[in-house]
Amino acid sequence: MTGQSHRLPQGGLIDRAQTLSFTFDGRALSAHPGDTLASALLANGVHLTGRSFKYHRPRGLYSSGPEEPNALVTLGTSGRTEPNIPATMVEVYDGLVARSQNRWPSLKFDALAVNSLLKPFFPAGFYYKTFMWPRSFWCRLYEPMIRRAAGLGALANEPDPDRYKHAHAHCDILVVGAGPAGLMAAREAALAGARVLLADERPAPGGHLSGETIGIDGKPGAAWAGAVADELAAMENVRLLSRTTVYGRYDGMTFGAVERVGDHRAPDSSSPRQRSWTIHSDQLICAAGAIERPLVFAGNDRPGVMLAAAARSYVNRYGVLPGRNVVVFTNNDDAYRTANDLAGAGARVTLVDSRAEGEVAARALLPAGVEAHYGEYVAGTKGRAHLRGVTLASSGRGIACDLLCVSGGWNPTIHLLSHTGRKPVWDEATASFAMTDPGDGAFAAGGAAATFDLGLTLREGATAGRAAARACGCRLSGKADIPKAGQLPAYGVEALWRVPDAMSKAQGSFVDLQNDVTVADLELAEREGFGHAEHAKRYTTLGMATDQGKLGNVNALGILSELRDMPVAQAGTTTFRPLATPVALGAIAGQARGRDLRPVRHTAMYRWHESHDAVFTQAGLWLRPYYYPREGEDFAAAAAREVHAVRSSVGMVDISTLGKIELKGPDAGAFLDRLYINSISKMKLGRTRYGVMLREDGMVFDDGVVARLGEDHFFITVTTAHAAQVMQHMEFCHQVHWPELDVQFCSVSEAWAAIAVAGPNTRDALARCVTGLDLSNEAFPFLAAGEGRIDGAPVRIFRVSFSGELGYEIFAPAGSGAGVWRAIMEAGEPYGITSFGTEAMTVLRVEKGHVAGPELDGRTTAADLGLGRMMARKKDYIGRAMAEREGLVGAGRQQLIGLKPVGKDGALRMGAHLVNELGAVGPDVSQGRVTSAAYSPTCGHFIALGVLRDGRSRIGERLYAVSPLHEEQVEVTVTQGVFVDAQGERMRV
Amino acid sequence: MRITCPWCGPRPLSEFAYGGDAGKTRPGYPGKAGPDAWMDYVYLRENPAGRHKEYWHHSGGCRSWLVVTRDTTNHEIAKVALAGPQAKDAGS
């Protein structure tokens with residue numbers, strides 16, 4: 001472990017008594033509690049932290065905050081690997097593992113840095129313009145190659161072992177930023193009684209104050225901030241969220257935030273790593289501060305070039321001197337603090353100010369011995385892996401240095417004020433885009449409001465806090481207690497978008513460091529007609545990726561406005577959209593991953609199926625038995641055995657997933673009349689009827705069984721897939737169309753387990769377990785409905801059949817479902833009763849020609865499906881008017897038919913098209929399609945249902961079922977749609 | 001986005017399902033309504049930039065159908081009422 005060569009002997013908010021160890025690119029380094037990865041690297045003399053996105057130029061630490069464009073690192077190992085994290089936001093813990101990115105084979109020697117020499121040939125849009133032909137090469141060769149060469153970090157292809165949580169918070173006032181403005185706002189609002197949520201991205205409050213020497217009320221800034229935060233923490237109506245970034249504002253004062261709960265300590269699965277907050281607030285106070293602007297000149301991207309305020313925060317907050325020979329280059333007064341603080345820490349400082357000497361108020365801040373150049377620019381830099389010196393523009397003089405601090409002024413952080421679509425306006429006094437009118441319910445204070453004086457910031461924060469509290473109904477008392485801030489010269493700035501000769505060295509003058517966008521790229525964009533801010537962004541990739549233009553965008557807007565010869569105020573900004581900062585996908589997913597992404601629904605008989613070796617299939621969220629293989633059986637053999645059991649003796653299937661709705665009320669029958677195409681109100685008590693519902697556009701919506709259990713009491717089943725939609729539809733019809741109908745209904749899908757039992761021996765089997773109901777054909781004929789008991793449980797029994805065999809559907813209270821299932825199994829034992837799954841169910845219903853989901857696909861009418869005769873003539877029902885319209889009736893409709901292969905061996909496939917002849921192409925070639933297909937063990941060959949143009953008049957025709965995707969073509973014969981017991985005798989015995 | 005349900009109070013968007021344009025009334029059948037009226041009711045929808053009356057179902061709550069007046073440009077909700085004539089009874 002090497003020593004911390006650039007650590008100052010004292011000062012900063014770090015704990016020198018403890019030493020932490022971490023690695024960067026495998027090299028063991030040391031740090032102290034309170035360090036970020038960035039400050040620890042600088043303390044160890046490491047500036048070079050990455051290679052740039054496109055040209056692979058060496059890049060170093062540039063900032064001390066979330067705007068960091070260069071020092072993006074990959075943290076962690078294996079499944080915990082996380083790329084593209086700004087080193088400035090990483091708190092060092094013992095054992096932290098960090099790696100640099102976008103370099104090969106190593107950071108010091110990067111083979112692809114040759115791109116940098118080829119820079120004149122890599123202008124904006126280069127890849128799209130160059131790698132165009134041949135077209136097929138783009139996705140196979142060019143794109144993978146370019147992606148490898150240009151990029152950020154790589155993801156781990158392993159599951160993330162960490163936990164993430166979602167949480168909601170409600171408050172009257174959300175204060176974003178716990179700097180001086182935010183703390184004052186939160187304090188005043190909380191004292192007025194408002195429920196306040198104060199979120200700050202740093203581990204400790206204070207904002208920029210923590211990196212400054214200026215104090216409040218005679219205390220150091222950080223100490224004052226800590227005291228206010230303690231006071232707030234003690235109040236019941238205040239919630240403080242540290243390490244929390246509010247990344248977006250959404251409609252209706254809803255905010256997204258991510259709290260880094262465990263990122264500052266060694267990974268540990270006992271607590272969540274991050275928590276994703278949805279915050280509902282009444283008012284917003286944006287006190288998010290400001291971000292310093294870079295300056296644009298040739299070679300402004302070398303490691304050793306750093307934002308001026310960042311440099312002094314490394315000294316003041318972290319006790320690290322980032323350079324010993326320092327040049328400060330500025331167009332404003334703020335950077336004089338940097339000159340002052342770095343000189344105070346022992347650096348030799350030279351100051352270069354683009355303004356004339358007379359305009360500079362902050363000259364008084366310069367300590368003796370600082371050489372100052374006014375009306376001067378830095379025109380170029382020297383060095384490769386690290387800065388060695390700068391050249392001044394007018395004098396041409398060279399100055400040796402190892403740190404160049406730059407400040408182009410300050411940009412208010414206004415994302416949260418702009419996400420609603422509100423546009424910032426140009427403020428001449430501060431040379432920045434500011435949100436002068438934040439809109440209803442929103443306030444800005446401090447740096448976010450383009451206020452760069454500490455005293456004014458404190459006052460503005462207090463005012464915003466009181467105004468927000470008043471807006472949400474709090475009564476204010478007394479006057480705000482404004483603490484006394486230390487004095488600094490007034491802030492002045494003179495916009496400087498680029499150093500005047502940056503034009504001649506445009507290729508080396510970087511505007512957006514993260515995306516390697518240069519002045520030359522902006523010139524090209526403007527020349528080619530993409531000079532509008534929104535166009536230039538897309539043309540050059542300006543302001544994309546992790547920093548989202550926080551550093552480069554305003555300079556780019558300024559340069560574009562110069563190129564287009566218009567005032568910057570008129571050029572405008574690009575659109576602000578959430579997310580303002582990157583958020584880990586894990587945090588967005590929260591708990592919703594793996595099993596928790598979609599709940600799994602089990603029926604009451606699930607354990608029985610499981611212990612009888614069922615193979616399960618997913619039906620929506622449900623798990624349903626697909627088939628029950630016995631020793632040595634494959635899928636086909638098991639399904640064939642199950643079908644045979646039903647056709648020859650008795651079988652049973654779990655149909656609990658059906659939707660079930662219970663209706664009561666004098667108008668229940670009338671209500672159902674208006675939902676189903678057939679008549680319901682005239683049904684007799686103790687009877688069931690097959691019912692079909694349409695959508696209002698006339699297409700079939702759903703089908704099922706309607707049972708009349710009492711004069712005013714109905715029970716209906718709906719398909720598993722449509723259960724929720726049918727319920728919603730019924731509620732709409734009742735509440736919106738026919739509220740006058742006296743009916744109440746409720747979904748009881750979960751309350752009832754359901755079993756279908758079918759086969760010639762079913763009655764005999766059931767007679768052994770059913771009590772309280774005479775099952776004889778005379779007493780309980782086809783389509784009867786009744787109640788009895790099985791295994792002591794009250795059950796509803798409907799004599800209906802989808803297989804065409806003698807069949808019953810039995811509904812038992814869900815809690816008794818497993819017992820009833822076992823009791824029927826036991827009763828059927830002498831008949832070899834066989835449980836069957838959804839595959840056998842499909843085969844049985846296709847054999848019987850019953851329609852199901854594949855036929856009810858939203859494109860078929862009742863008439864298409866051969867159910868036209870069910871459509872009542874004397875009543876209104878949903879869909880009737882549109883079902884009768886031209887185009888849905890008459891010739892040319894695709895009608896339901898059956899299909900069988902001409903040769904016995906032909907295999908039919910769902911989705912295959914029906915064509916008259918092979919080889920023809922064109923829009924009208926397809927006559928229809930196969931909707932359901934199955935191998936029928938009963939028939940000994942494949943059978944299918946399908947829809948065919950004018951199909952009912954084409955029985956006996958020969959066609960081809962073709963599936964070009966599978967290169968299949970099978971000659972088929974059109975049949976009427978019922979393959980077993982077409983007369984329907986078996987189910988009536 | 002939050003919707004203030006007349007029964008349940010302000011609830012998050014995730015509890016609601018969108019139900020489309022509430023500006024149309026279903027023509028009765030049988031009735032005088034011809035194909036044009038049905039065409040209009042089933043298919044034709046306005047797509048205004050600004051205030052729009054639309055159905056929302058409180059599917060994850062009281063299961064009421066609501067008529068929400070929403071500004072499509074900024075999702076501001078001007079009014080929420082129960083759908084159907086019983087809206088008056090709820091005093092919304």
Side-chain angles (χ1 to χ4, degrees), chain A residues 166 168-170 249-255 278-282 419-422 439-441 592 673-674 694-699 724-725 727-741 744-747 872-888, chain B residues 1-4 7 9-14 16-22 24-43 55-68 70-77 81-90:
Chain A
H166 277 183
H168 285 256
H170 298 261
R249 176 174 168 193
Y250 301 89
D251 304 308
M253 280 286 179
T254 303
F255 299 85
T278 302
I279 301 170
H280 305 275
S281 183
D282 192 50
H419 282 166
T420 49
R422 204 164 268 274
D440 281 352
D673 274 346
R674 301 185 192 187
L694 305 187
R695 302 189 311 215
E696 198 71 275
D697 69 356
M699 299 297 171
Q725 284 137 277
M727 185 65 193
Q728 195 171 46
H729 168 70
M730 288 171 61
E731 286 165 330
F732 184 84
C733 290
H734 184 226
Q735 294 176 31
V736 178
H737 295 329
W738 307 303
E740 70 278 7
L741 293 182
Q744 296 295 325
F745 50 93
C746 183
S747 167
R873 305 246 162 240
K874 291 185 181 162
K875 62 162 187 162
D876 179 20
Y877 54 85
I878 296 285
R880 173 167 184 175
M882 290 304 257
E884 291 173 355
R885 71 184 137 141
E886 199 179 340
L888 293 197
Chain B
M1 190 168 135
R2 274 176 295 176
I3 294 175
T4 302
W7 297 122
R11 311 298 302 173
L13 181 62
S14 56
F16 295 87
Y18 185 63
D21 189 352
K24 308 278 179 175
T25 306
R26 185 176 188 269
Y29 187 99
K32 300 241 160 58
D36 289 347
W38 279 100
M39 171 80 176
D40 179 68
Y41 172 66
V42 174
Y43 290 114
Y55 289 118
W56 286 81
H57 187 219
H58 196 186
S59 49
C62 65
R63 302 206 53 97
S64 290
W65 278 95
L66 311 174
V67 175
V68 174
R70 179 181 67 105
D71 190 318
T72 58
T73 61
N74 59 13
H75 303 307
E76 232 164 66
I77 291 172
L82 291 173
Q86 81 275 43
K88 293 184 201 87
D89 306 337

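Ranked by heavy-atom pairs under 4.5 Å with chain B, the list A/Asp697, A/Asp251, A/Thr420 is led by A/Asp251. For chain B, the option among A/His737, A/Arg885, A/Gln728 with the highest count of heavy-atom pairs below 4.5 Å is A/Gln728.
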**Request:** Go through A/Met882 and B/Tyr41 one step at a time and tell me if the side chain to side chain contact (heavy atoms under 4.5 Å, CB included) criterion holds.
**Result:** CA-CA 10 Å; A/Met882 290 304 257; B/Tyr41 172 66; over 6 Å; no
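Shown here for A/Phe732 and B/Trp65, the closest heavy-atom pair between the two residues is N-NE1, 3.1 Å. A/Thr254 and B/Met1 get closest at one heavy-atom pair: OG1-N, 3.6 Å.
Inter-residue side-chain proximity for B/Val42 and A/Arg695 is flagged as unmet; no heavy-atom pair is nearer than 4.5 Å.
Looking at residues two or more places apart in sequence or on another chain, you find a side chain to side chain donor-acceptor pair (under 3.5 Å) between B/Ser64 and B/Trp7. Contacts of A/Glu731 classified as side chain to side chain donor-acceptor pair (under 3.5 Å), with partners at least two apart in sequence or in another chain: B/His57, B/Arg63.
Heavy-atom contacts from other residues, nucleotides or ligands closer than 6.0 Å to CD of A/Glu740 number more than 12.
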